[in-house]
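Keep in mind the model is a prediction, meaning the values are calculated, not measured.
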Amino acid sequence: DRALVIERDGLRCLECEIEIVLLSHKKYFISVGGEFHHIIPMIYGGENNFNNLVLLCHSCHLNIHSGSEIKKKYFQHFENFLHSKKLLLK
């Protein structure tokens with residue numbers, strides 16, 4: 001699923017659009033400056049799959065988890081992005 005997220009998000013932070021460098025090692029991706037974020041946290045029943053993961057830079061990821069303004073607009077932004085790209089999977 002993470003490889004599909006990388007392809008969908010285009011190696012850019014979904015929030016600020018900064019380019020993210022990913023290195024591939026065997027079947028794993030090592031992120032340099034980027035992180036995978038669970039839209040619905042796993043502790044609240046969110047899954048570790050394509051529809052619940054986005055690629056963010058470290059700074060935006062910290063802002064989302066700190067309760068900043070980014071977090072408030074984030075959910076609608078992501079849903080609009082998926083619908084515009086016709087990437088929302090069932």
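Of all the heavy atoms in Met42 and Asn48, the pair that sits closest is CE-CB, 4.0 Å.
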Could you walk me through whether Leu14 and Leu56 pass side chain to side chain contact (heavy atoms under 4.5 Å, CB included), step by step?
CA-CA 6 Å; Leu14 192 62; Leu56 297 173; 4.3 Å; yes
Between Cys57 and Cys16, is the side chain to side chain contact (heavy atoms under 4.5 Å, CB included) condition met? List the steps.
CA-CA 8 Å; Cys57 71; Cys16 71; 3.7 Å; yes
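Expressed to the nearest 0.5 Å, how far CZ of Arg8 lies from CG of Leu11 amounts to 12.0 Å. In this structure, His38 NE2 and Leu53 CG are separated by 4.5 Å, a value rounded to the nearest 0.5 Å. Atom CD of residue Glu15 and atom CG of residue Asn63 lie 8.5 Å apart, to the nearest 0.5 angstrom.
For Glu47, the side-chain hydrogen bond (donor to acceptor under 3.5 Å, both in side chains) partners are Asn49, not counting sequence neighbours. Under the side chain to side chain contact (heavy atoms under 4.5 Å, CB included) criterion, His58 pairs with Glu35, Leu62, not counting sequence neighbours.
At distances below 3.5 Å, not a single donor-acceptor pair connects side-chain atoms of Arg2 with backbone N or O atoms of Phe36.
At a threshold of 4.5 Å between side-chain heavy atoms, the hydrophobic network of Ile, Leu, Val, Met, Phe, Trp and Tyr places Val54 and Ile64 in one connected group.
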